[in-house]
Amino acid sequence: MAQVDSSLDATIRQAAQLVLAAEYVTALTGAGISVESGIPPFRGPGGLWTKYGEPPMDGYQRFLQDPKKAWEERLAPTGAGQEMRETIARAAPNPGHTAFVKLEEMGVLRWLITQNVDNLHRRAGSRNVLEIHGNSTLVRCLNCTARFPTAVISFEVLPPRCLQCDGILKNDTVAFGEPIPGDVLEQCWRAVEHCDCMIVAGTSATVTPAAYFPMQVRERGGTLIEVNLYESEITPFCTVSLRGASGEVLDKLAQAVWTLQTTRS
Ligand SMILES: [Zn+2]
């Protein structure tokens, strides 16, 4: 056990050195980060969709065809929708989320791209967050892309309307068949373009467009640091792979970066 720990510590130190050697560090996170906050993944054992079945692949088209009906269903959710809503309401950020806040506050992490919709990165205190699959606590105007907290919107008349332009509001979470919101995607690409070190945590990065980001960094000669319980499709492309619970490993990584940064200056 002691040997396993010391080899993890050595790998964490190596990762911390890579982070500090880089000019522009970003992170990409996925469901694995939120599992320790009690949020189940969608797929795989214990996954919401494994339990309730996959949502319709044409969810976005259904919304556009009948926004009123889509909102009626959304406001009285059943199955996976209901369980997800209750779980997110109960969940709190874990040390993995906090580690990214620390890295940002140290001036090390520039942007955090997440596939999670649970709002936990923002609740933890991260500021530069790009939510490519949206945020389940927000609604978004289909006309002008303005976003509002769901709590400030009136649902007396459905579908609810934009406070700025009266356009139809949709929940911000990206549905199947819905394009990733252009403003977010554009910011992601801008971040990836400058990035020379990406921390890929809690995701196997197999779903596009997220899958393109680490590969782009890699192709341009940047380093990839993986934090995951298991080997995944992205492991062979990573400079360093840190195996373990993301909360524990990321916390150690943030500590190691802080220690190195402090002793250097
Ligand atoms: Zn609008």
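Note that the numbering runs from 1 along the sequence shown for the chain.
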Start with the C-alpha gap between D172 and N135, add the side-chain angles, then the distance that decides, and say whether side-chain hydrogen bond (donor to acceptor under 3.5 Å, both in side chains) holds.
CA-CA 6 Å; D172 186 43; N135 181 317; 5.8 Å; no
Taking the side chain from [X] and the backbone from [Y], do they hold a donor-acceptor pair closer than 3.5 Å?
X    : Y    : result
D58  : Q61  : no
T259 : Q255 : yes
E36  : S246 : yes

Does T203 form a side-chain hydrogen bond (donor to acceptor under 3.5 Å, both in side chains) with Q115? I'd like the steps, not just the answer.
CA-CA 9 Å; T203 175; Q115 300 167 88; 2.9 Å; yes
Connected hydrophobic set around L64, excluding itself, where side chains approach under 4.5 Å:
Y60, F63, W71, L75, V139, L142, F148, V152, I153, F155, L158, L163, I168, L169
Cluster companions of V157 among Ile, Leu, Val, Met, Phe, Trp, Tyr (side-chain spacing under 4.5 Å)
none
Can you name the side-chain contact (heavy atoms from CB on, under 4.5 Å) partners of M106, sequence neighbours left out?
K102, L103, V108, A254, V257, W258, Q261
Write out all pairs satisfying ring-ring contact (aromatic ring centres under 6.0 Å, His included) with one or both partners inside residues 78-108, taking only residues at least two apart or from two chains.
H97-H121, F100-H121
Suppose the criterion is ring-ring contact (aromatic ring centres under 6.0 Å, His included): which pairs have a residue in residues 212-232, not counting sequence neighbours?
W189-F213
Rounded distance [0.5 Å steps], [atom1] in [X] versus [atom2] in [Y]:
X    : Y    : atom1 : atom2 : value
E105 : S126 : CD    : OG    : 8.5 Å
M84  : T173 : CE    : OG1   : 8.5 Å
I39  : E83  : CD1   : CD    : 11.0 Å
S37  : D118 : OG    : CG    : 7.0 Å

Considering non-hydrogen atoms only, spot the tightest contact between [X] and [Y] and give its length.
X    : Y    : value
N128 : W111 : CB-CE3, 3.4 Å
G134 : V174 : N-CG2, 4.0 Å
I33  : A201 : CG1-O, 3.7 Å
N116 : S34  : ND2-OG, 3.4 Å
E23  : D196 : N-OD2, 2.9 Å
M215 : A211 : CG-O, 3.4 Å

List in chain and number order the residues that pass salt bridge (Lys or Arg N to Asp or Glu O under 4.0 Å) with E178, two or more places apart in sequence or in another chain; answer none if no residue qualifies.
R140, K170
Can you tell whether the side chains of R243 and E226 come within less than 4.0 Å, N to carboxylate O?
yes
If the threshold is 4.0 Å, N to carboxylate O, is there a salt bridge linking R122 and E131?
yes
